[in-house]
J.: 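For reference, the structure I am asking about is given below.
As a basis for the values below, the full set of heavy atoms in this structure was taken, side chains included, without hydrogen atoms, waters or symmetry mates.
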Amino acid sequence: VRNLYLARHGQTEYNVMDRIGGDSSLTELGHKQAKALGEYFKGQEINYVFTSMKRRSRQTAQYVVDNMPNCTVIPLLEFDEIDAGVCENLRYAEIKEQYPDIALERSEDKYGYVYPKGEGYITLKERVDRGLKKALFLSGNAERVLIVGHQAINRMILSHFLFRRQEDVPYILVPQNSLFHIISTQQKKLFELVKFMD
Ligand code: G3H
């Protein structure tokens, strides 16, 4: 892959409510963001788009592939958002109220903390690495590949390309109006953050 693009899904109903997990759909703004992402790629054919199995990721990708008849879309379970276990579908404020120990422990070691009955960044690594390997294998020497991921997933993918201390990875900013573009040449990897909407 020469050009790897990494985008996050557009804003969702859960994002607005500060709720985590679940499988909510894009909001009106989310659709606008996804449309702007699609417009950014107009005229530069993407060969493969990898999504998660979640609605928000697939809805976002749809705007990109709509006018690309030769693009292959592959949803991968490995790119599903971090499983927050007992905290799935809760607001961050509700987690603080109902599970103060979880909120505290996680704030002390966000990378190493594993949600009861769920995952943590530390356990996510293996699955995301597997997904990335799969995606790179399936797309072979394609010129342009896009992954439409999630906040935690994109942080883990980015940790391969950005030099960050492990404990800083769960705090990497993953905006919904920008994408990361990683260009691989024989000598080096170049990296740019592209804002596609205000
Ligand atoms: O839980 C879902 C979020 O997208 C990950 O965010 O690790 O910053 O809580 P967080």
Side-chain angles (χ1 to χ4, degrees), residues 4-24 26-27 30 33 50-58 60 75-136 146-182 189 191-195:
L4 177 64
Y5 299 92
L6 181 62
R8 186 178 168 198
H9 59 80
Q11 185 197 62
T12 65
E13 284 145 16
Y14 266 29
N15 291 154
V16 176
M17 296 187 285
D18 217 19
R19 239 177 241 290
I20 63 171
D23 192 15
S24 64
L26 300 183
T27 59
Q33 289 164 332
F50 293 92
T51 69
S52 74
M53 306 301 282
K54 303 285 178 190
R55 213 169 288 161
R56 54 199 187 276
S57 160
R58 300 169 79 148
T60 303
L76 292 180
L77 198 64
E78 284 87 347
F79 290 154
D80 275 7
E81 183 55 306
I82 189 169
D83 179 352
V86 296
C87 293
E88 276 284 308
N89 302 301
L90 294 182
R91 294 171 195 252
Y92 284 106
E94 291 170 339
I95 298 174
K96 262 195 182 158
E97 263 170 46
Q98 294 174 31
Y99 299 107
D101 295 355
I102 292 183
L104 181 67
E105 267 187 63
R106 192 164 192 258
S107 72
E108 284 168 348
D109 178 11
K110 196 173 172 188
Y111 190 89
Y113 184 78
V114 179
Y115 282 108
K117 302 203 171 118
E119 296 174 305
Y121 283 87
I122 197 166
T123 59
L124 200 58
K125 185 172 169 39
E126 196 265 331
R127 143 161 104 79
V128 174
D129 284 359
R130 193 166 4 104
L132 192 56
K133 259 196 203 145
K134 223 187 228 185
L136 295 177
L146 166 68
I147 298 174
V148 181
H150 299 261
Q151 181 158 245
I153 299 303
N154 289 9
R155 285 171 174 159
M156 296 310 293
I157 295 175
L158 284 168
S159 70
H160 282 270
F161 305 103
L162 297 172
F163 295 100
R164 290 289 167 95
R165 291 181 313 172
Q166 203 175 67
E167 59 264 44
D168 295 336
V169 170
Y171 297 97
I172 297 174
L173 194 68
V174 185
Q176 284 165 313
N177 64 348
S178 307
L179 58 86
F180 296 93
H181 179 194
I182 300 133
K189 281 201 176 3
F191 188 89
E192 60 171 345
L193 179 63
V194 183
K195 196 169 171 193

J.: Please tell me whether Ser52 and His150 have a donor and an acceptor in their side chains that are separated by less than 3.5 angstrom.
T.: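 Yes, side-chain donor-acceptor contact under 3.5 Å.
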J.: Could you state the interatomic distance from CZ (Arg155) to CG (Leu6), rounded to the nearest 0.5 Å?
T.: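 Answer rounded to 0.5 Å: 12.0 Å.
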J.: Starting from the C-alpha separation in whole Å, work towards a yes-or-no answer on side chain to side chain contact (heavy atoms under 4.5 Å, CB included) for Leu26 and Gln11.
T.: CA-CA 6 Å; Leu26 300 183; Gln11 185 197 62; over 6 Å; no
J.: Would you say that Arg58 contacts Pro75 through its side chain, given a criterion of any heavy-atom pair below 4.5 Å between the two side chains?
T.: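 SC-SC contact between Arg58 and Pro75 confirmed.
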J.: Sequence neighbours excluded, which residues qualify as salt bridge (Lys or Arg N to Asp or Glu O under 4.0 Å) partners of Glu119?
T.: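 By the salt bridge (Lys or Arg N to Asp or Glu O under 4.0 Å) rule, Glu119 matches Arg127.
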J.: For the backbone of His9 and the side chain of Arg56, can you confirm whether one donor and one acceptor N or O come within less than 3.5 Å of each other?
T.: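 Side chain of Arg56 to backbone of His9: no pair is present.
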J.: For Tyr14 and Gly22, work out which heavy atoms get closest and say how close.
T.: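 Taking every non-hydrogen atom into account, CE2-CA, 3.9 Å.
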J.: Between CG of Leu179 and CZ of Arg8, what distance do you get to the nearest 0.5 Å?
T.: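 It comes to 14.0 Å.
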J.: Hey, could you give me the CD/CE distance between Glu78 and Met156, rounded to the nearest 0.5 Å?
T.: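 Reported to 0.5 Å precision, the distance equals 14.0 Å.
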J.: Please test Ile157 against Phe79 for side chain to side chain contact (heavy atoms under 4.5 Å, CB included), starting from the C-alpha separation and ending with a verdict.
T.: CA-CA 10 Å; Ile157 295 175; Phe79 290 154; 4.1 Å; yes
J.: Any chance the side chains of Thr27 and Glu13 put a donor and an acceptor closer than 3.5 Å?
T.: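 No - no donor-acceptor pair under 3.5 Å links their side chains.
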J.: How would you list all residue pairs meeting side-chain hydrogen bond (donor to acceptor under 3.5 Å, both in side chains) that involve residues 156-179, not counting sequence neighbours?
T.: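 Checked against side-chain hydrogen bond (donor to acceptor under 3.5 Å, both in side chains) - neighbours excluded - the pairs reaching residues 156-179 are Asn15-Gln176, Asp129-His160, Arg165-Asp168.
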J.: Can you list every pair that meets side-chain hydrogen bond (donor to acceptor under 3.5 Å, both in side chains) and has a residue in residues 104-116, with sequence neighbours left out?
T.: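 Counting only pairs at least two positions apart or across chains, the side-chain hydrogen bond (donor to acceptor under 3.5 Å, both in side chains) contacts touching residues 104-116 are Arg106-Tyr115.
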J.: Nearest heavy-atom pair of Gly21 and Asn89: which atoms, and what distance?
T.: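 Answer, listing the atom of Gly21 first, then Asn89: C-OD1, 4.4 Å.
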J.: In Å and rounded to the nearest 0.5 Å, what is the CD1 to CG distance from Ile147 to Asn154?
T.: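 So the CD1 of Ile147 and the CG of Asn154 are separated by 8.0 Å.
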J.: With side chains defined as the heavy atoms from C-beta onward, is the minimum distance between Val86 and Ile102 less than 4.5 Å?
T.: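 Heavy-atom side-chain distance check passes, below 4.5 Å.
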J.: Within a strict 4.5 Å, meaning less than it, do heavy atoms of the Glu88 and Asp83 side chains meet?
T.: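 They are in side-chain contact.
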J.: Verify, without hydrogens or angle tests, whether Asp23 (side chain) and Lys54 (backbone) share a donor-acceptor contact under 3.5 angstrom.
T.: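 Not at all, since once roles are kept as given, no pair shorter than 3.5 Å links the two residues.
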J.: At what distance, to the nearest 0.5 angstrom, does CD1 of Ile153 lie from CG of Leu158?
T.: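 If I round to the nearest 0.5 Å, the distance is 11.5 Å.
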J.: Counting only N and O atoms by type, is there a donor-acceptor contact under 3.5 Å from the side chain of Thr60 to the main-chain atoms of Gly10?
T.: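 Yes; at least one donor-acceptor contact below 3.5 Å.
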J.: Can you list everything that forms a ring-ring contact (aromatic ring centres under 6.0 Å, His included) with Phe180? Sequence neighbours excluded, please.
T.: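 Applying ring-ring contact (aromatic ring centres under 6.0 Å, His included) to Phe180 gives Phe191.
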J.: Only counting residues at least two apart or in another chain, list the ones meeting ring-ring contact (aromatic ring centres under 6.0 Å, His included) with Phe50.
T.: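 Not a single residue meets the ring-ring contact (aromatic ring centres under 6.0 Å, His included) criterion with Phe50.
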J.: Are any non-hydrogen side-chain atoms of Val194 and Tyr5 less than 4.5 angstrom apart?
T.: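 No, their side chains stay 4.5 Å or more apart.
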J.: Please report the interatomic distance CG(Leu76) to CE(Met53), rounded to the nearest 0.5 Å.
T.: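 The CG atom of Leu76 sits 8.5 Å away from the CE atom of Met53.
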J.: Side chains of residues 90-99: which donor-acceptor pairs under 3.5 Å do they make with residues two or more places apart or in other chains?
T.:
| from | atom 1 | to | atom 2 | distance (Å) |
| --- | --- | --- | --- | --- |
| Arg91 | NH1 | Met17 | O | 3.3 |
| Glu94 | OE1 | Arg19 | NH1 | 3.4 |
| Glu94 | OE1 | Arg91 | N | 2.8 |

